[in-house]
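As the structure is a computational prediction, the values presented were derived from the model and not from experiment. To find a chain, count down the sequence lines: A is the first, B the second, and so on, and within it residues start at 1.
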Amino acid sequence: MKKFITEREKTMEWTNSFIFTSREPPADAETISQKLMHQAGMIDKLVSGVYSYLPLGLRVLQKVSNIIREEMNNAGAVEILMPALQPSSLWKESKRFGKMGKDMIVFKDRHNREMLLGPTHEEVVSDIVRKYVRSWKNLPVMLYQIQTKYRDEIRPRFGIIRSREFLMKDCYSFDRTEQESEQSYLKMRQAYLRIFSRCSLSVTVQAADSGVIGGKFSEEFVAAGDCAELEIGHIFKLGTDYSEKLHVVYMDKDGIEKPVVMGCYGIGVSRIVAAIIEGSYDDRGIIWPVSVAPFHAIIVPVNMSDSRAVETADKIHKELESSNIEVLFDNREESAGVKFADADLIGIPYRITLGRKLVDGKIEIMERKTKKIYDVEVEKAKEFMLSAIKEST
RNA sequence: CGGGGCGUAGCGCAGCUGGCUUAGCGCGCUUGGUUUGGGACCAAGAGGUCCCCAGUUCAAAUCUGGGCGCCCCGACCA
């Protein structure tokens, strides 16, 4: 599997990567992230509030997911994957059925059993934990997943920012005492701040209304940016509300059965992607931070009929990839202007141009963010890129 | 759910004020040629149930009714 992926990386050429940019944004796009994601060929709208991720968009989504995964694992959480399909009976047990109103997609299966597409997973994760956790020795535990959620929003809007189907990381903590739960909460809070910082997002944390999720206390993480009210993360202290209703209990040292103290912690993964764009773009397009960019560098031979330039580009391409630098080779037979404009639009942090300076054995490396141009000797391309990437992460 | 707007080629749009019959424009796409450092040029081409259904009429993209879809504003929400 790994080998397969590696082989594919080595042939990352524009013409076989299913990348389609467009000159104009779709007429129905309003917010900047929505426009740019469409123009850059990252996403494709199927119906209102439902999107496909195309290769460029998926790569970013995976980068963000991996950052989240690393930080969750570091905080001691364990990854699982729960089903989107859930029986309504569980929600009746927790007394939440109906509370979400029409936001929840409910339907009958062929046996006339009432099912739903999960808007969140407190019920399911509680059901798992109550089946396996028996003793105080099994606690504390934190379980998380990165999974698709369904909420039939009254009005989906801002593209990926409020959609009806979206990718979310949800984590749930199970502790013996309030104090222990407080520790889990703070650990998650720290992990969240690290995640957003690694995504180059500046966020503010504010006390919030717990809404339908309930619980005693919650805070939300709001991204700074042009698009007002972006809530990209929300953490809750749930207390024993769910565990009492769903009978999630453990046998304590003193031989008394006690309800587990819960917490839940959500991040809108797809929403983070949009939030990053909202906070980082210019009139040419997206400006990805290196940590989540779909590629670190894009190689642009100005003239594809210049065989020497193409050969050199190919050489640099392979050399960089052998050092785990992710490179997209723009091998299209397009004019320089088109390639430059597209490179700027899709926001790759570094553009390596092979053109007129090649006669002096030099290539040009442009930093997307600052537009600074460096003339670099062909042999030093790898060295330059390695240090550039290191500096910016 | 209330208010507003929109639906014509892959994308962006014009045409709709009562009809002009071969439905256009820009971009993109195909082929050939000339170009090659910031969205190149010339030539030839392909591509359309004008959202759907019904009605009015000699005649409907255009008028009428109904439906579907999409976007924006508001209340609501991770």
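- OP1 or OP2 of B:C71 lies within a sub-4.0 Å distance of a side-chain N or O belonging to A:S48.
- B:G26 and B:C41 have their P atoms separated by 12 Å, given to the nearest Å.
- Salt bridge status for A:K362 with A:D375: absent, with no side-chain N to carboxylate O gap under 4.0 Å.
- Contact check of residues 140-150 of chain A against RNA chain B (heavy atom, cut-off under 4.0 Å) returns no residues at all.
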| said: What does the B/S/- profile of nucleotides 25-34 of chain B look like, 5' to 3', with a 4.0 Å heavy-atom cutoff to protein? | reply: -BSSS-----

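- Rounded to whole Å, atom C1' of B:G5 lies 12 Å from atom CZ of A:R155.
- Residues from residues 70-79 of chain A placing a heavy atom under 4.0 Å of any atom in RNA chain B do not occur.
- Contacts with RNA chain B (heavy atom under 4.0 Å) in residues 338-363 of chain A: A:V338, A:F340, A:A341, A:D342, A:D344, A:R351, A:T353, A:G355, A:R356, A:K357, listed by number.
- B:A78 and B:G12 have their C1' atoms separated by 34 Å, given to the nearest Å.
- Taking for each of A:I267 and A:P26 the nucleotide of RNA chain B with the nearest heavy atom, the 5'-most of the two is the partner of A:P26.
- Shown here are the salt bridge (charged side-chain N to carboxylate O under 4.0 Å, His left out) partners of A:K253, two or more places apart in sequence or in another chain: there are none.
- Look at the P atom in both B:G45 and B:C71: the space between them is 39 Å, to the nearest Å.
- A:M168 belongs to a hydrophobic cluster with A:F166, counting contacts under 4.5 Å between side-chain heavy atoms of Ile, Leu, Val, Met, Phe, Trp and Tyr, direct or through other members.
- Every side chain to side chain donor-acceptor pair (under 3.5 Å) that A:E70 has, sequence neighbours left out, goes to A:R198.
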| note | Reading nucleotides 42-48 of chain B from 5' to 3' and marking B where a protein heavy atom lies under 4.0 Å of the base, S where only the sugar-phosphate is that close, and - otherwise, the string is -------

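- Secondary-structure stems of RNA chain B, taken as three or more successive Watson-Crick or G-U wobble pairs (i with j, i+1 with j-1) under a 3.5 Å distance threshold, comprise B:1-7 with B:68-74, B:10-13 with B:24-27, B:29-34 with B:40-45, B:51-55 with B:63-67.
- For A:E278 and A:S33, the side-chain atoms include at least one donor-acceptor pair closer than 3.5 Å.
- Here, B:G10 and B:U17 have their C1' atoms 32 Å apart, quoted to the whole Å.
- Contacts of A:E182 classified as side chain to side chain donor-acceptor pair (under 3.5 Å), with partners at least two apart in sequence or in another chain: A:K237.
- At a cut-off of 3.5 Å, with distance as the only test, no side-chain donor of A:H38 or A:K45 sits close to an acceptor on the other residue.
- Remark: the A:E364 side chain and the A:Y374 side chain contain no N/O donor-acceptor pair separated by less than 3.5 Å.
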Exercise answer: donor-acceptor pairs, residues 87-103 of chain A side-chain atoms, under 3.5 Å, sequence neighbours excluded:
residue	atom	partner	partner atom	Å
A:S88	OG	A:E114	O	3.4
A:S88	OG	A:E114	OE1	3.0
A:W91	NE1	A:Q86	OE1	2.8
A:K92	NZ	A:E114	OE1	2.8
A:E93	OE2	A:R130	NH1	2.7
A:S94	OG	A:W91	O	3.3
A:S94	OG	A:E123	OE2	2.6
A:R96	NE	A:E123	OE2	2.8
A:R96	NE	A:Y242	OH	3.3
A:R96	NH1	A:Y242	OH	2.9
A:R96	NH2	A:E122	OE1	2.9
A:R96	NH2	A:E123	OE1	2.7
A:R96	NH2	A:E123	OE2	3.3

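- Using modelled atom types and a 3.5 Å distance limit, the side chains of A:H247 and A:E244 yield no donor-acceptor pair.
- Counting Ile, Leu, Val, Met, Phe, Trp and Tyr side chains that sit under 4.5 Å apart, directly or through other members, A:I105 shares a hydrophobic cluster with A:L85, A:F107, A:M115, A:L117, A:Y150.
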